[in-house]
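The first residue in the sequence is number 1, and the count goes up from there. Both counts, for ligands and for their atoms, begin at 1 and track the order of listing.
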Amino acid sequence: EKGGYDYFMLKEIAEQPKAVADTLLGRIDDSGSLTLDEVRISAAELREVDKVVIIACGTAFHAGLIAKYAIEHWTRIPCEVELASEFRYRDPILDPRTLVIAISQSGETMDTLMALRHAREQGSKVLAICNTNGSTIPRESDAVLYTHAGPEVAVASTKAFLTQLVACYLVALYLGQVRGTKWGDEIDAVIRDLSQISGEVERVLETMEPVRALARTLASKNTVLFLGRHVGYPVALEGALKLKELAYMHAEGFAAGELKHGPIALIEEDLPVVVVVPSPRGRSVLHDKIVSNIQEIRARGARTIVIAEEGDETVVPYADHLIRIPATPTLLQPLVATVPLQVFACELATARGNEVDQPRNLAKSVTVE
Ligand code: M6R
């Protein structure tokens with residue numbers, strides 16, 4: 001049932017191009033418009049929405065952090081993202097004009113379920129983004145957009161995450177569509193790029209051997225840091241989470257701009273630091289800033305592992321290891337940038353002799369608060 005792979009996680013990483021394509025299937029029509037028939041919240045109600053609140057845990061929370069950039073940019077609706085376990089304990093401000101999005105692979109995460117119940121009690125509409133048909137979270141929500149990743153068995157979430165991102169982009173673009181906001185060339189181009197992105201994920205998977213080899217050389221390290229900016233920041237958090245749960249290593253993700261506010265003190269000789277570099281096209285100011293960050297940490301001894309777009313030559317002099325990803329629009333980059341981090345964590349776990357599919361102390365669905 002592992003389809004020739006040693007672990008379910010490897011199989012599920014390999015299934016990502018299909019998972020992404022399946023989640024897009026039937027949702028973009030020939031004219032490039034979105035049809036999300038399952039989202040049974042009327043267009044009139046969606047036009048009234050004045051705030052989006054995303055609740056989720058773990059990897060799904062990281063998908064939510066990325067969704068915030070897309071939703072705010074494409075719709076101009078303010079969007080908050082909160083850990084489901086924190087949400088209802090702080091008396092959040094919710095009303096019928098708040099659209100709450102609950103993201104969950106299993107659909108059974110108790111923290112997320114309790115948060116969505118709280119939101120509905122305040123009169124907010126809840127849209128679930130979920131991978132498990134008929135599970136509790138979609139059943140208790142007003143609407144659901146299913147991710148079509150197929151069953152995810154490994155405790156570490158991989159293909160579900162990529163499909164959660166796709167679903168979030170679809171919701172963001174759909175909100176933009178029904179509200180008629182910022183529906184310009186950029187959005188049309190993004191829908192086109194999204195419909196081709198599974199091929200780009202496939203290309204990334206074909207180039208992962210050097211990432212595996214690199215991971216094996218780091219098996220005896222204690223700490224790995226991850227840096228990113230903009231949507232690369234949640235990608236850094238996700239890379240760190242994968243390494244914690246699979247390799248049992250100390251791993252932290254930072255917003256690169258925060259380095260000088262504290263974390264740079266952690267940099268020491270030969271410390272591996274993974275840096276997710278934004279595209280030099282688009283928001284190039286971010287790109288240039290992160291290149292300076294790479295120089296700063298390298299000057300202090302860090303071993304830099306740089307994930308950068310094909311053709312971005314500016315990073316070459318400062319990268320001890322360079323991992324190439326295809327060029328994508330800035331907001332879509334997490335779909336390709338996360339894949340090497342999954343492979344990296346999986347290989348490190350193997351090199352350290354850990355059980356990849358069933359990491360210690362963890363369960364696939366967390367049904368207690
Ligand atoms: O089933 P859910 O998406 O609600 O699960 C949320 C988290 O428990 C989950 O993403 C967890 O962080 C994964 N083990 C991460 O790989």
Quiz item: So, for F161 and H62, is the gap between ring centers shorter than 6.0 Å?
Solution: no
Quiz prompt | Residue, atom name and distance, where the atom is the protein heavy atom closest to atom 3 (O) of ligand 1 | solution = Q105 N, 2.6 Å
Quiz prompt | E152 and K159 ion-paired at < 4.0 Å | solution = no
Quiz item: Relative to the heavy atoms of S104, which atoms of ligand 1 are at a distance of less than 4.0 Å?
Solution: 1 (O), 2 (P), 3 (O), 4 (O)
Quiz item: What is the closest protein heavy atom to atom 9 (C) of ligand 1, and at what distance does it sit?
Solution: T59 N, 4.1 Å
Self-check item: Electrostatic pair E45:K125 at N-O distance under 4.0 angstrom
Solution: yes
Quiz item: Near S157, which atoms of ligand 1 are under 4.0 Å from a heavy atom of that residue?
Solution: 15 (C), 16 (O)
Self-check item: Within 6.0 Å of NZ in K244, more than 12 heavy atoms from elsewhere
Solution: yes
Quiz item: Which is it for K364 and ligand 1 at heavy atoms under 4.0 Å: side chain, backbone, both or neither?
Solution: neither
Quiz item: Cut-off 3.5 Å, side chains only: do Q333 and E309 have a donor facing an acceptor?
Solution: no
Quiz item: Which of these passes salt bridge (Lys or Arg N to Asp or Glu O under 4.0 Å) with R88: E82, E121, E369?
Solution: E369
Quiz item: Counting from 1, what ligand 1 atoms have a heavy atom of K242 closer than 4.0 Å?
Solution: 15 (C), 16 (O)
Practice problem: Name the closest protein heavy atom to atom 1 (O) of ligand 1, giving the residue it belongs to and the distance to 0.1 Å. | Solution: S106 OG, 2.7 Å
Exercise. Before signing off on this row, confirm whether G58 and ligand 1 have an N or O atom pair separated by under 3.5 Å.
Key: no
Quiz prompt | Row check, Y248 ring normal vs R360 NZ/CZ: under 6.0 Å, within 45° | solution = yes
Quiz prompt | atom 8 (O) of ligand 1: the protein heavy-atom neighbour that sits closest, reported with distance to 0.1 Å | solution = V366 CG2, 4.1 Å
Self-check item: All salt bridge (charged side-chain N to carboxylate O under 4.0 Å, His left out) counterparts of E38, not counting sequence neighbours
Solution: R27
Quiz item: Going by atom types alone, do S135 and N133 pair a side-chain donor with an acceptor below 3.5 Å?
Solution: no
Quiz item: Counting heavy atoms only, which part of E245 comes closer than 4.0 Å to ligand 1: side chain, backbone, both or neither?
Solution: side chain
Quiz item: Which of the atoms in ligand 1, numbered in the order shown and given with their element, are less than 4.0 Å from a heavy-atom of A156?
Solution: 16 (O)
Quiz prompt | atom 5 (O) of ligand 1 [closest protein heavy-atom partner, distance rounded to 0.1 Å] | solution = T109 OG1, 3.5 Å
Quiz item: For atom 7 (C) of ligand 1, what's the nearest protein heavy atom and its distance?
Solution: C57 O, 3.6 Å
Quiz prompt | 4.0 Å heavy-atom contact, V155 with ligand 1 | solution = yes
